[in-house]
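First the structure, in the form of structure tokens, and then the observations on it.
Heavy atoms only: backbone and side chains are in, while hydrogens, waters and symmetry mates are out.
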Amino acid sequence: MKAKKGVSDPFEKKLKELDYAIESKISDKLDDNESVINQLFANCSDFVVRRLHIFGSIPSMVVYFDVLVDNQLWDIGFLEPLMLHESVSIDSPLQLYEQLKFKLASIVQPQIALNMNEIVQRIVKGEVVLFVESFTQAFSFRLKDKLYRQLEEPTSEAVIRGPQYGFIEKLDINLALIRHRIRTPLLKTEKLCVGGLSQTDVAIVYIEHIAQQSVVEEVKKRISSIDMDSILESGYIEELISDHPNSPFPVIQSTQRPDLVSGSLVEGKVVLLIDGSPMVLVLPISFWFGFQTAEDYYMNFIYATMLRWLRYLFAFFAIALPSLYIAVTTFHHEMIPTSLALSLAAAREVVPFPAIVEALIMETTFEALREAGVRLPRPVGQTISIVGALVIGQAAVQAGIISAPQIIIVSITGISSFLIPNPGMSQAISIMRFPLMLFAASFGLYGVVVSLIAVLIHLVNMNSFGVPYMTPIAPFSFSGLADALFRAPWRMLLRRHHHTKQRLE
């Protein structure tokens with residue numbers, strides 16, 4: 001907890017005071033330690049300082065946050081063994097450490113803390129710290145309260161076939177869900193702590209000898225370089241360590257599904273788990289990864305391939321259909337069959353705005369309705385979205401503000417965006433839709449083609465932690481097509497799995 005530049009003067013002064021107190025050593029006097037601890041945790045009503053005699057005669061002091069400690073574990077697992085055991089003779093911290101290990105249950109094993117900074121870090125993470133008179137070392141114990149919700153189906157990644165539970169906000173539980181699926185000692189987890197004030201735990205998970213060590217080291221380097229006061233959600237880290245933070249296209253996949261994460265680990269990807277967030281980050285990824293779901297591998301490969309192509313087709317509709325409509329109706333009437341051109345002209349006869357204005361009004365309204373549907377309470381949100389879309393769409397057509405064909409185009413565009421499994425990819429396509437419409441209104445089909453080529457050049461130049469974003473198309477890799485453009489049958493994917501198995505063995 002270091003004083004930072006750019007903060008208010010009182011806050012900076014307080015940080016310096018805390019830094020001075022934290023850098024102090026552990027005293028062999030309980031009164032001195034209590035004074036420092038009370039200074040550090042002043043005005044914390046949930047902070048407890050309690051004097052007691054352990055093993056019948058040793059003066060001690062325990063400090064902890066009452067709201068972060070499991071009360072039952074505190075009474076039965078910690079307090080009773082220390083208070084009820086007969087008196088013992090202890091001359092050194094090492095002897096006391098051995099007695100604590102022997103007397104306490106395995107779930108409440110002690111750890112030695114050597115300085116005040118280490119003690120503060122353990123207290124704020126929910127551990128109980130024990131000071132002992134005449135000892136310049138302290139002992140900490142994990143008695144964390146089990147504050148977490150039950151496993152539930154991920155609302156944003158529902159599947160018909162496959163596991164029906166997702167990650168939750170507890171890092172240890174999320175790690176257990178992964179280890180429950182990948183039972184090998186080669187599954188490695190390394191924890192880092194980020195956020196000066198939030199002290200958020202981040203776990204880097206990978207399978208040794210399968211994941212590229214250079215990617216693992218790069219991830220650790222980028223996370224270690226994060227300098228922020230608080231990391232409250234995985235989205236913070238996703239943006240801070242991204243190769244292209246200014247691009248709308250995601251280069252890191254966020255998911256709530258343990259089966260998708262486990263499959264990614266076996267494929268050699270690196271996973272980041274953030275304490276307090278149910279969204280897990282997977283990296284590196286390619287552009288095509290944003291159109292794949294875990295359910296693709298649970299169903300018939302022919303149907304899964306058809307669904308993938310359906311997603312690609314409708315992703316093209318989501319990004320280009322409004323701009324194509326604007327370009328054709330504004331500049332290229334000759335491309336439309338005569339009967340259809342007459343119908344469009346009749347529908348647009350009473351509309352006072354050009355097609356681009358119509359499109360901007362409806363696309364903006366659609367995005368606003370979608371945002372309102374997400375923010376409002378679930379039962380109300382769905383009703384508001386449906387009623388709002390019907391009322392605004394029908395009323396706008398009857399009032400002559402928007403033409404009926406524009407309503408159809410926006411509806412198809414909206415449905416198309418929902419077919420994209422990755423929310424980040426769906427958001428990127430929604431963003432790119434607007435400049436494409438402006439180019440279409442300015443230059444017709446030439447503008448649409450040029451802008452699509454510009455998007456393609458941007459995608460080809462991107463990479464995700466050293467992996468080309470458009471692989472296996474650019475650079476071209478024939479073997480990679482089996483799991484990008486197609487979902488090949490498992491017998492064609494056996495080579496990869498045999499290779500993985502050999503490396504695991």
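Counting heavy atoms from C-beta outward, Asp32 and Val36 have side chains that stay 4.5 Å or more apart. Residues Ile237 and Ile252 have side chains not in contact (no heavy-atom distance under 4.5 Å, counting atoms from C-beta outward). Residues Ile119 and Asn33 have side chains not in contact (no heavy-atom distance under 4.5 Å, counting atoms from C-beta outward). Annotation: side chain of Val124 is not in contact with side chain of Leu68 (no heavy-atom distance under 4.5 Å). For the pair Leu52/Leu79, a side-chain contact is recorded, criterion being any heavy-atom separation below 4.5 Å from C-beta on.
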Using distance only, find each side-chain donor-acceptor pair of residues 460-468 under 3.5 Å and give its atom names and separation, not counting sequence neighbours.
from	atom 1	to	atom 2	distance (Å)
Asn461	ND2	Ile457	O	2.7
Ser464	OG	Val251	O	2.7
Ser464	OG	Ile285	N	3.2

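For Phe289, there are no ring-ring contact (aromatic ring centres under 6.0 Å, His included) partners, not counting sequence neighbours. With sequence neighbours excluded, no residue forms a ring-ring contact (aromatic ring centres under 6.0 Å, His included) with Phe135. For Tyr64, the ring-ring contact (aromatic ring centres under 6.0 Å, His included) test picks out Trp74, with sequence neighbours left out. With sequence neighbours excluded, the residues satisfying side-chain contact (heavy atoms from CB on, under 4.5 Å) with Ser234 are Ile274, Ser277, Met279, Leu281. In terms of the ring-ring contact (aromatic ring centres under 6.0 Å, His included) criterion, residue partners of Phe65 (sequence neighbours excluded) are, by chain and number, Phe41, Phe47. Ile319 pairs by the side-chain contact (heavy atoms from CB on, under 4.5 Å) definition with Ile429, Met432, Leu436, not counting sequence neighbours.
Taking all atoms of both residues into account, the shortest heavy-atom contact from Asp275 to Leu171 is OD1-N, 3.2 Å. Between Ala113 and Ile26, the shortest heavy-atom distance links the atoms O-CD1, 3.6 Å.
No more than 12 heavy atoms of other residues, nucleotides or ligands sit less than 6.0 Å from atom CZ of Arg161. Within a 6.0 Å radius of CD in Glu169, more than 12 heavy atoms belonging to other residues, nucleotides or ligands are found. Surrounding CZ of Phe476 are more than 12 heavy atoms belonging to other residues, nucleotides or ligands, all under 6.0 Å away. Environment of CD in Glu98: crowded, with over 12 heavy atoms of neighbouring residues, nucleotides or ligands closer than 6.0 Å.
The list of salt bridge (charged side-chain N to carboxylate O under 4.0 Å, His left out) pairs with a residue in residues 297-316, not counting sequence neighbours, reads Asp296-Arg308, Asp296-Arg311, Arg308-Asp483. Pairs of residues two or more places apart, or lying in two chains, that qualify as salt bridge (charged side-chain N to carboxylate O under 4.0 Å, His left out) and include a residue from residues 245-259 are Arg257-Asp259. Pairs of residues two or more places apart, or lying in two chains, that qualify as salt bridge (charged side-chain N to carboxylate O under 4.0 Å, His left out) and include a residue from residues 182-203 are Lys125-Asp201, Asp172-Lys191, Lys188-Glu208, Glu190-Lys220. For residues 239-251, the pairs satisfying side-chain hydrogen bond (donor to acceptor under 3.5 Å, both in side chains) are Arg222-Asp243, Ser247-His458, with sequence neighbours left out. For residues 423-433, every residue pair satisfying the salt bridge (charged side-chain N to carboxylate O under 4.0 Å, His left out) rule, not counting sequence neighbours, is listed here: Glu363-Arg433, Glu367-Arg433.
Using cut-offs of 30° and 60° on the angle between ring planes, the pair Tyr469 and Phe287 is perpendicular.
Distance alone, capped at 3.5 Å, is enough to place a donor-acceptor pair between the Glu233 side chain and the Gly235 backbone. In this structure, Thr305 contributes its side chain and Phe486 its backbone to no donor-acceptor pair below 3.5 Å. With hydrogens and angles disregarded, a donor-acceptor distance shorter than 3.5 Å links the side chain of Glu133 to the backbone of Leu30. Of the possible donor and acceptor atoms, none in the side chain of Glu80 sits under 3.5 Å from a partner among the backbone N and O of Gly77. Arg181 places no side-chain N or O within 3.5 Å of a backbone atom of Val261 that could act as its donor or acceptor partner. Distance alone, capped at 3.5 Å, is enough to place a donor-acceptor pair between the Thr200 side chain and the Ile231 backbone. Side chain of Gln137 to backbone of Ile112: no donor-acceptor contact under 3.5 angstrom is found. Between the side chain of Ser60 and the backbone N or O of Ile58, at least one donor-acceptor pair lies under 3.5 Å.
Between Tyr312 and Trp288, a ring centre-to-centre spacing shorter than 6.0 Å is recorded.
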Intermediate values then yes/no, side-chain contact (heavy atoms from CB on, under 4.5 Å), Asn174 and Leu177 | CA-CA 5 Å; Asn174 294 342; Leu177 292 177; 4.3 Å; yes

Which is it for Gln99 and Gln95 under the side-chain hydrogen bond (donor to acceptor under 3.5 Å, both in side chains) test, yes or no, and what are the steps along the way?
-> CA-CA 6 Å; Gln99 285 293 328; Gln95 287 184 357; over 6 Å; no

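Of the listed residues (Val62, Ile37, Val49, Thr136), just one forms a side chain to side chain contact (heavy atoms under 4.5 Å, CB included) with Phe131, and that residue is Ile37.
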